[in-house]
Amino acid sequence: MTMLALTVRPPVPGSAELVKVPEPDPADGTVLCETIAVGVDGTDNEIVEGQYGEPPAGKDRLILGHESLGRVLEAPSGSGYAPGDLVVGFVRRPDPVPCDNCAAGEWDMCRNGMYTERGIKGRDGFLSERFRIEPEFAVKADPALGRLAVLTEPTSVVAKAWEHAERVGRRARWEPRRALITGAGPLGLLGALLGVQRRLEVHVLDVVEEGLKPLLARDLGAVYHAGTLEEAGDMFDVVVECTGVGPLVFHAIEHLAANGVMVLTGISGAGRTRELAVDVLNKDLVLANKAVVGSVNANRRHYEQATEALAKADPGWLDRLVKRWVPLAAWAEALERREGDVKTVVEIGRI
Ligand code: BGC
Ligand code: ZN
């Protein structure tokens, strides 16, 4: 038995290929799923371009895809899953040592870097006709969400960012009012959704002036700004940074209110350099108790928060966020970055 899978050979650029591979290895988990949909993001693009990614030990091919949605075909009794359930598999697995955080289920905070990530680092991903998952590394998706539950993984990433902003905020009395989301891609817009659900005044900053991004931001009830931080204003209690643009990141510190927290979720390989007034920046951070925190990945708690947030969201809004659903055979189109794109998803099975 074989199945189709989208594979790459990191670090070879342009090695993406739809090939027949053996059925999912039982070592991947006891729950067998048919794949419904897999979202693609910048990380997938980087892997395809040969800048990131690592195949499983002893192999040269990696099955791509980390934003999963599957439907259970087989699950052992007592696993908590039954045929027909919709499931989202987690991306990261704890390191084998394990470090203190991985041992505590906080693999998203791994300290030794020896974690693995499905579809990214040392473990096959979900972009195949079927996948297997360990019951303890998955959440059930709300059937009412249907195929839109494929947004669970990117939502988990911003759910962690918001949770960490709040945990830092609560070091003292914390009554945030204004939030800024930099970048109106899928992460930024999902981050804005979580801010609006917290009843904050949410501002979204991006460079595009028209199209789906401003519409989606405004339809959430957020204020959309095209251009610079000056236009977005200042005194933000929370900034969720989703661009990874270094100069913008450091400039945004000035736009935080006293005690404000900025969580960084984006990265960029652009290699920009800047001269910075570092003493001024330091003084601002110290005298205003400002915090800047990096954030990556998500643990079970954040997937659960994401599931809850998506269940509360307007399904019509989520539906517009996925601009393109691409069939597996046309996978190359899913990896193209087209003007006006927000989220692109490879659709493999039907609900
Ligand atoms: C994924 C994360 C992952 C990160 C770094 C992101 O695209 O959503 O789960 O930790 O890439 O590999
Ligand atoms: Zn670890």
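Starting from 1, each residue takes its place in the sequence as its number. Indexing begins at 1, ligand by ligand and atom by atom, following the structure's order.
If you look at ligand 1, the protein residues with a non-hydrogen atom under 4.0 Å away are D41, T43, Y52, H66, V91, R92, E117, I120, E153, V157, V296, N297.
Considering T116, I63, L62 as possible partners of P56, the one that fulfils the side chain to side chain contact (heavy atoms under 4.5 Å, CB included) test is L62. The only member of D41, L189, L190 that meets side chain to side chain contact (heavy atoms under 4.5 Å, CB included) when paired with P154 is L190.
For E308, the CD atom counts as loosely surrounded, since its 6.0 Å shell holds 12 or fewer non-hydrogen atoms of other residues, nucleotides or ligands. The 12-atom threshold is exceeded at CZ of R171, counting heavy atoms of other residues, nucleotides or ligands nearer than 6.0 Å.
The aromatic rings of W107 and F90 lie tilted to each other, with the angle between the two planes from 30° to 60°.
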### Message
For K343 and E67: C-alpha separation, side-chain torsions, deciding distance, then whether side chain to side chain contact (heavy atoms under 4.5 Å, CB included) applies.
### Response
CA-CA 11 Å; K343 188 77 199 167; E67 300 184 3; 2.9 Å; yes

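In this structure, H66 has its ring center at least 6.0 angstrom away from the ring center of F126.
Here the Zn ion (ligand 2) has protein N, O or S atoms under 2.8 Å from it, and they come to 4.
Here the shortest heavy-atom pairing between E49 and P13 reads O-CB, 3.3 Å.
The closest side-chain donor-acceptor pair between T243 and E241 falls under 3.5 angstrom.
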